[in-house]
K.L.:
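If you scroll down you'll find the structure; I have some questions about it.
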Amino acid sequence: MAEPKPAQPQASAQQASTPWHNPLRDSRDLRLPRIAGPCSLVIFGVTGDLSKKKLLPAVYDLANRGLLPVNFGLVGFGRRDWTNEQFAAFVEENVRAHSRTPFNEATWKFLSGGIRFVQGTFDDPAAFQRLSQTVSELDSERGTQGNHAFYMSVPPRAFPTVSKMLRDSGLSHSQSGAWRRVIIEKPFGHDLQSAKELDRVVSDVFDPGSVFRIDHYLGKETVQNLLALRFANMMFEPIWNANYVDHVQITMAEDIGIGGRAGYYDGIGAARDVIQNHLLQLLALTAMEEPVSFSAADLTAEKTKVLSAVRVPHDLAHTTARGQYAAGWQGSEKVIGYLDEKGIDPNSRTETYAAIRLDIDTRRWAGVPFYLRTGKRLGKRVTEIAVVFKRAPHLPFEQTATRELGQNAVVIRVQPDEGITLRFGAKVPGTAMEVRDVSMDFNYGSSFTEASPEAYERLILDVLLGDPPLFPTTREVELSWEILDPIEQYWATLGQPQPYRAGTWGPKEADEMLAREGRMWRMP
Ligand code: BG6
């Protein structure tokens, strides 16, 4: 069988001793591909949307890139009465439809040889016995050596049952030197208390080092590039503080509606869905101090410090905004409002748009508001972090010359057009002195030949390697709920969120929230 050959790691290059402090240092040569060792990945909820569109394609892409070993197994666990072959056909269909890299027969042949399906429900001990037998067979047939990762792509209410079954069937515990890991998809609870309960359930079964909580934003290349931008360069960090920064805007806008996810989304809303996790992680990476190294412990220490210093304003009526999309136009397509979506309670008060102001009580950020906003059915799909600077204290120009000069900004474009933009003033050509805003762009697409991997490729590989820096810890999750809980409690006392027309930039309330502070949302 012509299997794709994983690249062989070379001997690690001798580290040059550097006279300056380098937080990117590592004993490994980071340019070498990191290849997973013998193992299997078991997916619960394998027929769900996330699995079809992201997880299965990511596993295939990793295989195609030569980052999975030949002794790899993929196990699906689900209710359908499928044979291994029927499940393999399902995987192939989704891989062909959604994977990032082209379909390659040799890769598929290698991957499909290790595909197994276990039929059963989450509360059926016999099904977990069959699962246990299946992974043992993989150990002998594929050489997975007792190393198995369990991906819970299931609703949080199923976590306790699945965890208990993994424990009772002995699957959560490995024999001599092998590892067992569990991957948990968000949401990690719906408030602080439920998050703590969830954590108790999982840590009853797995030890903390074996639990990997997925926040897929941390797997995005541009999010990791934020660390490179801040800590590999000299020119940004000296001005990355309250002396120079006026405010920070973190935007995650989506043009899609809730699609087929009514069951999950209604009652959860925009803030719990993405502010509690993705946007607060972006805030932490933007605002944290330089970590001693990029090890999980050092990164977490800095993120935890900054999340602990976040202060929620008292006046929530003026520092938060909620909205719910109404019918409108998304480009040339007419779309329905949230309350008319299939499966949504027609009186639902769930917000599909949320904006909040947060402050950070540290010397670096005192007095610098961080504005976070997210919404469905907005003008376009874009995620960005904009660090907006104060105006120059003195402008030695006629007032008319700087009419079109705004505030300088560094904008980290997380997606879809990944890169960084600098906004600053430049002289308009001609005899008159006139200064106008211009942009200088760095684009991933044109600066590098390598295409960015999908976030799930990176994160699944990291789990198989046991590499935890890109996974939020329990403490980070709890701190994020501590920030969001008072806001959710306040919103629960209010009526219907303000409607906004689909295809626009959200409710008026959100514009007024910034206008009161003499600021405006950027138009990404
Ligand atoms: C998920 C949210 O975490 O992120 C979804 O639950 C959202 O509601 C999705 O659509 C967006 O992810 P991305 O990577 O497309 O920005």
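None of these values were measured; they are calculated from a predicted model. One-based numbering, in listed order, for ligands and for the atoms of each.
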K.L.:
Which pairs of nitrogen or oxygen atoms, taken one from ligand 1 and one from the protein, are under 3.5 angstrom apart?
P.N.:
unit_1	atom_1	unit_2	atom_2	d
ligand 1	3 (O)	Lys186	NZ	2.8
ligand 1	3 (O)	His278	NE2	2.7
ligand 1	6 (O)	Lys186	NZ	2.8
ligand 1	6 (O)	Arg261	NH2	3.0
ligand 1	6 (O)	Asp273	OD1	2.6
ligand 1	6 (O)	Asp273	OD2	3.4
ligand 1	8 (O)	Arg261	NH1	2.8
ligand 1	8 (O)	Asp273	OD2	2.6
ligand 1	8 (O)	Lys376	NZ	2.7
ligand 1	10 (O)	Glu254	OE1	3.3
ligand 1	10 (O)	Glu254	OE2	2.5
ligand 1	10 (O)	Lys376	NZ	3.1
ligand 1	12 (O)	His216	NE2	3.2
ligand 1	14 (O)	His216	NE2	2.8
ligand 1	14 (O)	Lys220	NZ	2.6
ligand 1	15 (O)	Arg381	NH2	3.1
ligand 1	16 (O)	Tyr217	OH	2.5
ligand 1	16 (O)	Gln415	NE2	2.6

K.L.:
So, using ring pair (Phe, Tyr, Trp, His ring centres under 6.0 Å) as the criterion, who are the partners of Tyr151 when residues are at least two apart?
P.N.:
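Here no residue qualifies.
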K.L.:
Quick test of your reading: applying ring-ring contact (aromatic ring centres under 6.0 Å, His included), list the pairs with at least one residue in residues 464-489, sequence neighbours left out, ordered by first then second residue.
P.N.:
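Listed by first then second residue: Phe212-Phe471.
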K.L.:
Check the pair Val312, Leu358 against side chain to side chain contact (heavy atoms under 4.5 Å, CB included), reporting the backbone distance first and the verdict last.
P.N.:
CA-CA 5 Å; Val312 179; Leu358 296 172; 4.1 Å; yes
K.L.:
Side chain to side chain contact (heavy atoms under 4.5 Å, CB included), that's the test. Do Thr251 and Arg522 meet it? Break it down for me.
P.N.:
CA-CA 9 Å; Thr251 300; Arg522 278 172 45 80; over 6 Å; no
K.L.:
Return the set of residues passing ring pair (Phe, Tyr, Trp, His ring centres under 6.0 Å) with Tyr456 (not counting sequence neighbours), or none when no residue passes.
P.N.:
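Testing Tyr456 for ring pair (Phe, Tyr, Trp, His ring centres under 6.0 Å), a comparison that skips the adjacent residues, returns His216.
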K.L.:
Could you label the plane-to-plane angle of the Phe77 and Phe122 rings as parallel, tilted or perpendicular, counting under 30° as parallel and over 60° as perpendicular?
P.N.:
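Parallel.
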